There are 2 protein chains.
Amino acid sequence: MPSERYSGIYQDLKEKIESGVYKPQTFLPSETMLSARFKCSRGTVRRAIAMLAEDSYVQSIHGKGVVVIYREPPANRFAFGEIETMREAFARNGRDYRTKVLEFTTLTVDRRLSRKTGFSEGEEVYFIQRLRLLDGEPVILDNNFFLTRIIPGLTPEIAEQSVYDYLEKELGDTIVTTKRVLTVEEPTEMDEKVMDLSDCHAMAVVTSETYNAEGEMFEYTQSRHKPKYFSFYTVARRKHAYSADRNQ
Amino acid sequence: MPSERYSGIYQDLKEKIESGVYKPQTFLPSETMLSARFKCSRGTVRRAIAMLAEDSYVQSIHGKGVVVIYREPPANRFAFGEIETMREAFARNGRDYRTKVLEFTTLTVDRRLSRKTGFSEGEEVYFIQRLRLLDGEPVILDNNFFLTRIIPGLTPEIAEQSVYDYLEKELGDTIVTTKRVLTVEEPTEMDEKVMDLSDCHAMAVVTSETYNAEGEMFEYTQSRHKPKYFSFYTVARRKHAYSADRNQ
DNA sequence: GCCGATTTGTCCGTATGTATC
DNA sequence: CGATACATACGGACAAATCGG
């Protein structure tokens, strides 16, 4: 549990912004004010503010202050910009959510699979194909490859629940980073067969690589989403915005 | 020009990782080692490392060290996880890229448009519709709404080039944050008419809100991409298990 | 245009806590 | 247990941007 000073302050400010104590387009109290209020150093306040900026809740302006840029997000949206499991995402939207395991095998990575997934040749992986059902309707077809070395003892029963929960709670490992590439592709025969596509002629495909706390990539996944239920949210911040020439 | 100590160190380490001096799955020299080598405080090194972690180049492991997790990204990919203009993205891929302005008008925001875009009622906006051509083929249909208040003096000629360049270079304003939502939708009549869709039956739709350095949302845009040329890359990190140290 | 007050940005040194080996 | 490495926090100093008088 992060009970450090800075995350407490981060939480506090975040809630105040969400509840409208600090309103959009207005400034937060100055860093020195806040550090006095929270009885901490300015550095600690700055860190909390940096986290809020990361979440696009605020933006710092040199010499002026910290503006609130938070806007109430539209409801019924999946925040795939963060890492959360399907379960978490759907639960948050209050829907009935089931998983059906279509395939559960182990494979040895050959050259072709290695090029596709980035795993080393000869590594052993679970291949799991799962269908995600929302209120009984198939919405996602997942193709997972997990390194057996990192996730020993995986079973179809666990796959039906949450692999991440198993990894974190049972094995004590931590998921840290996920890289994702999103494309739109034509449905495959498999998609047609299991997804009940009717009048939809494309799939949203999320290809992701997941790394644990050791920095090892242990998962390669391709998720094929039915467009109707697909939405992907992300925030980007400009890295090194150059200072403009004001000609004066 | 960011010639601060920490960005220099960040750049240096980044290049060493990209060029393979520090290889994946290996540890960087310890923070104390690096601070000695760069003749700076440990805090400054930590900040550079935090930035690399942000880029998913490295990951810190408490008590052990900092692992390199960088992997050569596949070529011909658009890094939409960051903010870059169409021009930048396409140029980076070495293709001929043109813009055709289909529509250029000013509107006053009414209730309907306000709900859609988030702009206040009564605000005045430019509405610009542009077709993006890659080697002569239409690939993106852009629908932009820009606040005239923030970007005065916009013309079709500028829209044909880069609005962001105009904003940053001429007006001295800076783009800082962009929020994006990605969905997959059926082609509209307009899409069919201008995009030459042939055997493609869906569009990748990116809806984005852009904020300037003052924290004001000045742009609302819907970009409709032909799937064939569409790819969206993003990185997510779990929770706020940050190794970031932005204070020192 | 200059000056001073305020505010954020950068950097340092130091101390202490905690995880790994 | 001790040595090493990262994590958190503090306080101080100075730079740079903004704004008002």
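Just so it is clear, the structure is predicted and the values come from calculations on it, not from any experiment. Chain naming here is simple, since letters A, B, ... match the order of the sequence lines and numbering starts at 1 in each.
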**Study point:** Heavy-atom side-chain proximity of B:F119 to B:M217 below 4.5 angstrom
**Key:**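 Yes, at least one pair of side-chain atoms sits under 4.5 Å.
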Check your understanding: Is there a side-chain contact between A:N143 and A:Y220, using heavy atoms and a 4.5 Å cut-off?
Key ->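 Side-chain contact under 4.5 Å: no.
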Practice item. Nearest 0.5 Å please: distance from the CD atom of A:E209 over to the OG atom of B:S56. Key: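 Interatomic distance, A:E209 CD to B:S56 OG, rounded to 0.5 Å: 10.5 Å.
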Check your understanding: CD1 of B:I9 to CD of B:E4: how many Å apart, nearest 0.5 Å?
Key ->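 One gets 11.0 Å once the value is rounded to the nearest 0.5 Å.
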Practice item. With A:K16 as reference, evaluate A:V21, A:L28, A:V68 under the side-chain contact (heavy atoms from CB on, under 4.5 Å) test and give the passing residue. Key: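 Looking at A:V21, A:L28, A:V68, the match for A:K16 under the side-chain contact (heavy atoms from CB on, under 4.5 Å) is A:V21.
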For [X], side chain to side chain contact (heavy atoms under 4.5 Å, CB included) partners two or more places apart:
X      : result
B:R149 : B:E123, B:L147, B:E216
B:T183 : A:S231, B:V181, B:E185, B:V205
A:T105 : A:E103, A:L107, A:F127

Whole-Å gap separating [atom2] ([N]) and [atom1] ([X]):
X     : N      : atom1 : atom2 : answer
A:L52 : C:dT8  : CG    : C1'   : 16 Å
B:E4  : C:dC12 : CD    : P     : 12 Å
A:I49 : C:dT10 : CD1   : P     : 14 Å

Point to revise | ring-ring contact (aromatic ring centres under 6.0 Å, His included) contacts in which one or both residues fall within residues 24-65 of chain B, not counting sequence neighbours | key: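 Counting only pairs at least two positions apart or across chains, the ring-ring contact (aromatic ring centres under 6.0 Å, His included) contacts touching residues 24-65 of chain B are B:Y57-B:Y70.
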Strictly below 4.0 Å: does [X] bring a side-chain N or O up to OP1 or OP2 of [N]?
X     : N      : answer
B:R47 : C:dC11 : no
B:T44 : C:dC12 : yes
B:R46 : D:dC6  : no
A:Y6  : D:dA9  : no

For [X], enumerate each residue passing the side-chain hydrogen bond (donor to acceptor under 3.5 Å, both in side chains) test, keeping only those at least two apart in sequence or located in another chain.
X      : value
A:Q59  : B:T177
B:T32  : B:S30
A:Q222 : A:R224
A:E121 : none

**Study point:** DNA chain C contacts made by residues 32-40 of chain A, counting heavy atoms under 4.0 Å
**Key:**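 By residue number: none to list.
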Practice item. Tell me which residues in residues 20-31 of chain B put a heavy atom below 4.0 Å from DNA chain C, sorted by number, or none. Key: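 Result for residues 20-31 of chain B: none.
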Review point. What one-letter contact string describes nucleotides 16-21 of chain C from 5' to 3', where B marks a base within less than 4.0 Å of any protein heavy atom, S marks contact via sugar-phosphate atoms alone, and - marks no contact?
Key: -BBBSS
Practice item. Would you indicate which nucleotide in C:dT8, D:dA9, C:dT10 comes nearest to any side-chain atom of A:V66? Key: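 Among the listed nucleotides, the one closest to the side chain of A:V66 is C:dT8.
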Review point. What dot-bracket string describes DNA chain D from 5' to 3', counting Watson-Crick and G-U wobble pairs whose defining distances are under 3.5 Å, with [ ] for crossing pairs and | for pairs to another strand?
Key: .||||||||||||||||||||
